[in-house]
There are 2 protein chains.
Amino acid sequence: MATLEIRGATLLTMVEGADPVEDGLIAARDGRIVYAGPAGGHHGEAQPDETLEARGCVALPGLVNAHTHCAMTLLRGFADDMQLKPWLEEMIWPTEARLTAEDVYWGAMLGSVEMLRAGVTCFSDMYHFAEAGTRAAVEAGIRVCPSGVLLGFLDTADEMLERALEFTARLAAEGHPRVHPMLGPHAPYTCPDRLLRRVADGAAAQGIPIHIHLAETRQEVDESLAAHGETPVAHLERIGLLETPVNAAHCVWLTDRDIEILAERHVGVVHCPGSNMKLASGVCPVPKLLGRGVVVGLGTDGAASNNNLDLLEEARLAALVHKLHDLDPTVVDAGRALALATRGAAEALGLGDVVGTLEPGKRADIAVIDLTAPHLAPGHHLVSDLIYSARASDVVHTVVEGAVVVRNREVVGLDEGEVLRQARARGRRLAEG
Amino acid sequence: MATLEIRGATLLTMVEGADPVEDGLIAARDGRIVYAGPAGGHHGEAQPDETLEARGCVALPGLVNAHTHCAMTLLRGFADDMQLKPWLEEMIWPTEARLTAEDVYWGAMLGSVEMLRAGVTCFSDMYHFAEAGTRAAVEAGIRVCPSGVLLGFLDTADEMLERALEFTARLAAEGHPRVHPMLGPHAPYTCPDRLLRRVADGAAAQGIPIHIHLAETRQEVDESLAAHGETPVAHLERIGLLETPVNAAHCVWLTDRDIEILAERHVGVVHCPGSNMKLASGVCPVPKLLGRGVVVGLGTDGAASNNNLDLLEEARLAALVHKLHDLDPTVVDAGRALALATRGAAEALGLGDVVGTLEPGKRADIAVIDLTAPHLAPGHHLVSDLIYSARASDVVHTVVEGAVVVRNREVVGLDEGEVLRQARARGRRLAEG
């Protein structure tokens, strides 16, 4: 019975409508929250195994990065400021073709370390060599939703799907409390209908969600209209893919009818503002989606198109970009932006009962952020300060499944120097070709 | 003869077209750079007074924040996510009316500390009680361009201008090497032509630049067209304000003719993407301005509309927002964004011969940024990593006028705890009214 207490922080439980709790206490036992509230409201353990003193800090649910390609950290800064087509075809894909499973392990380890330091406790990872990436996340101590990636245009697509289904079945059998498998068909335009239908059947049979890119670029929509006479969203609905739980990254180019479909089918939309800006894709209509009741979360996308995995920055970008896009400074306010990065992202991944708020019964995934730096003074408004002023470097402690994985800004229990050495050597080898 | 050396860093001199210099050496004497190049190219001092070891780091010109209202740090997070009019009229202005000179001193001290920690070595400060704000900057060790603020609709506007001219004359006479006075008429829509003409005459007589808000909102342009039959830029040109050096903040809503005027009159445009997004003002057409040869720099605007003074983040926003706005991922590339934050901002302020690059003869204003954190690995491209991945917290040393003002991430020579206590107490008093 491992027990943990976090004492003295202001709590932002991120339960809808809840006020911050000053001088709060969080108690966790065996990976789950047993109490999150005022210090006086709980007697706690007689002798908790570990206590984090967190005065001057805020404790909130660990941030959830609902769409990334974790090992692409190895390609961070490798190719930027390019048109999408040459960027993908001349730089990213030929380099990815040289990736080994061990590269993915170390790239995912680097990304996991970066995210844990930034208060991100869970990520959804669509990438090659999913077994290696998952192993890295498990060892790093972070929560992961691995989905692999199915590229339907490859001759081996059917075989890839078989292997993916074996992998997810094995993960389900192992039942690791921090691993939540999914299936990852890359996108409607890279996967033929026949494959997508088999994915939907496999996901339904195993009771796992589907993670897919959707309506990311105008070109994708134009090509879908030309090929199928319908938008990518309408197409996925027609072929039955939206009958199982789906989380869909990007969703930039949507018709009103698409938005209705996303709402009706309870699709979790993953907004990636940094990547959509950097690749000049456009703006996901988040205020409109939220207005129609669509579940929306946040993701960083991969480090090749962001170029970091800093979800607090992503929340700031979300708050800023919609104000500009709608020419309305009231949309996506600070509280909403923080909800997108926590509760919203958890719900988008189908993990709304598991993480995303600080509530008894949920897994103890917690970020503790120091509020005493000059750029956070004088401290008029906690949530505004977090969204508009705080930095990943203000994260002091990160807890996943009740275990302290970052303590006093240092990653616990792994050799960060070795992670950096491996990442640099492998990044160099990949770049040199 | 105070001497300083910085050893081992990769140098980004930000001289146009210059490549990074590995294992570089910067030598400074009496506040000026005497050498910036390969370690082997200079014998240095026999015994420099101070040496900063900077292996694993990049050294670049200190960042220049070309438009802020520094003491508004006291209002950080006080009012956000509101429409501009009630934000200003119900929240900001009534609160500012309660400001004292001592509030401005401590607010400017807080902002100076925040900026120095973020590698910002120079800021242009349009704010009330300019004497107090300037005193704080001088004591904090940062470079400042104080301009006060002239609100032409007040009865006391003429008297304010007299006092401002006395202040700038006194500063000129004192000749502090880190103080560069300016005149700060708030905006064309808040200052009548008669006052603006007197400002232009005063600036010309003293040989100092003018710092003004210009074409920030569509409403400003519409009202100018209604009142004068011309845009704010055309109006300023017609009344003669652009005959002296001017740096103009925002410049969001511009006609092609406005852009020609800005180019012809060598107006320094200060782009504030964070504020323009947060207040939903719009997007300054930076690629177009640069294409026509307009000098463009970066500013954060005040902490009430940003909400931090982190110029590296502002450079990232600049790189991202134009890609989205133009739907072109090649515009404002990482190198350009970094130039906006250094050389461009210095030139926009008329300080292009003083700071903005690492060159012999220029003042020794230098930021040293650590590149060894996980979010900067594997290190494919230095400038991309700085713009798209680095954080203010990666700044390890900051040097202004040859003096080390931040060493190993700690501010040198002032009591940061006292600054925070004062800022919190004064922020609370202002909020409580």
Side-chain angles (χ1 to χ4, degrees), chain A residues 73-78 80-84 87 110 113-114 117-118 274 276-280 282-283 303 306-310 313 317 319-321 323-324 326-330 333-334 372 374-381 384-385 388-389 391-393 416 419-420 423-424 426-428 431, chain B residues 73-78 80-84 87 110 113-114 117-118 274 276-280 282-283 303 306-310 313 317 319-321 323-324 326-330 333-334 372 374-381 384-385 388-389 391-393 416 419-420 423-424 426-428 431:
Chain A
T73 49
L74 294 183
L75 300 182
R76 186 200 319 273
F78 172 60
D80 297 303
D81 305 316
M82 293 177 67
Q83 294 291 350
L84 185 65
W87 178 73
L110 177 65
V113 166
E114 180 187 348
R117 284 178 162 278
N276 297 159
M277 294 176 84
K278 184 154 181 282
L279 297 177
V283 177
N306 187 303
N307 293 350
N308 60 48
L309 307 180
D310 177 350
E313 180 182 298
L317 288 175
L320 293 176
V321 78
K323 291 173 172 57
L324 175 68
D326 294 3
L327 288 182
D328 179 350
T330 69
D333 65 18
T372 60
H375 62 275
L376 296 171
H380 287 297
H381 193 292
S384 274
D385 288 345
Y388 294 119
S389 313
R391 301 170 189 146
S393 55
E416 192 177 280
V419 174
L420 290 171
R424 289 188 192 122
R426 290 167 189 276
R428 205 159 40 233
Chain B
T73 48
L74 294 183
L75 300 182
R76 186 201 318 272
F78 171 61
D80 297 302
D81 305 317
M82 294 176 67
Q83 294 290 351
L84 186 65
W87 179 73
L110 178 64
V113 166
E114 179 186 349
R117 283 178 163 279
N276 296 159
M277 294 176 85
K278 185 155 179 282
L279 297 177
V283 177
N306 186 302
N307 295 347
N308 60 48
L309 306 180
D310 176 351
E313 180 182 299
L317 287 176
L320 294 176
V321 78
K323 291 172 171 58
L324 175 67
D326 294 4
L327 288 182
D328 179 350
T330 69
D333 65 18
T372 61
H375 61 275
L376 297 170
H380 287 297
H381 193 291
S384 274
D385 288 346
Y388 294 119
S389 313
R391 302 170 187 146
S393 55
E416 191 177 280
V419 174
L420 290 171
R424 289 188 193 123
R426 290 168 189 276
R428 205 157 42 230

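Just so it is clear: chains get the letters A, B, ... in the order the sequence lines come, proteins before strands, and each one is counted from 1.
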Q: Looking only at heavy atoms and a cut-off of under 4.5 Å, which of A/E114, A/H375, A/E313 has the most pairs with chain B?
A: A/H375
Q: Among B/A431, B/P378, B/G274, which residue forms the greatest number of heavy-atom pairs with chain A at distances under 4.5 Å?
A: B/P378
Q: Go through the atoms of B/S389 and report whether side chain, backbone, both or neither lie under 4.5 Å from a heavy atom of chain A.
A: both
Q: Answer whether the closest heavy-atom distance between the side chains of A/L324 and B/V283 falls below 4.5 Å.
A: yes
Q: Once rounded to the nearest 0.5 Å, what's the spacing between atom CG of B/D333 and atom CG of A/D80?
A: 9.5 Å
Q: Checking B/D328 side chain against B/T330 main chain: does a donor-acceptor pair fall under 3.5 Å?
A: yes
Q: Where does B/L327 contact chain A at under 4.5 Å (heavy atoms): side chain, backbone, both or neither?
A: both
Q: What residues, two or more places apart in sequence or in another chain, satisfy salt bridge (Lys or Arg N to Asp or Glu O under 4.0 Å) together with A/R426?
A: A/D103
Q: Out of A/F78, A/W87, A/Y388, which one racks up the most heavy-atom pairs below 4.5 Å with chain B?
A: A/Y388
Q: Taking the side chain as every heavy atom from C-beta outward, state whether B/P329 and A/M82 have any pair of such atoms under 4.5 Å apart.
A: no
Q: Rounded to the nearest 0.5 Å, how far does CG of A/N307 lie from NE2 of B/H380?
A: 10.5 Å
Q: Under 4.5 Å heavy-atom distance to chain A, tell me which part of B/V419 shows up: side chain, backbone, both or neither.
A: neither
Q: Any side-chain heavy-atom pair from A/L420 and B/T372 closer than 4.5 angstrom?
A: no
Q: What residue in B/H381, B/R428, B/K323, B/R391 has the most heavy-atom pairs under 4.5 Å with chain A?
A: B/K323
Q: Which bit of B/L317 is near chain A, if near means a heavy-atom gap under 4.5 Å: side chain, backbone, both or neither?
A: side chain
Q: Show your working on salt bridge (Lys or Arg N to Asp or Glu O under 4.0 Å) between B/K278 and B/D81 and close with a plain yes or no.
A: CA-CA 8 Å; B/K278 185 155 179 282; B/D81 305 317; 5.7 Å; no
Q: Do you know which of A/L110, A/L84, A/N306, A/D326 has the most heavy-atom pairs under 4.5 Å to chain B?
A: A/L110
Q: Using a cut-off of under 4.5 Å for heavy-atom pairs, which of A/L320, A/V113, A/L279, A/N276 has the most such pairs with chain B?
A: A/L320
Q: Please flag which part of A/D385 lies under 4.5 Å from any non-hydrogen atom of chain B: side chain, backbone, both or neither.
A: side chain
Q: For A/R76, is it the side chain, the backbone, both, or neither that has a heavy atom closer than 4.5 Å to a heavy atom of chain B?
A: both
Q: Looking at chain A, which one of B/A118, B/A377, B/S393, B/A423 has the largest number of heavy-atom pairs inside 4.5 Å, strictly under?
A: B/A377
Q: For the pair B/L309 and B/T73, evaluate side-chain contact (heavy atoms from CB on, under 4.5 Å) and give the outcome as yes or no after the intermediate values.
A: CA-CA 9 Å; B/L309 306 180; B/T73 48; 3.8 Å; yes
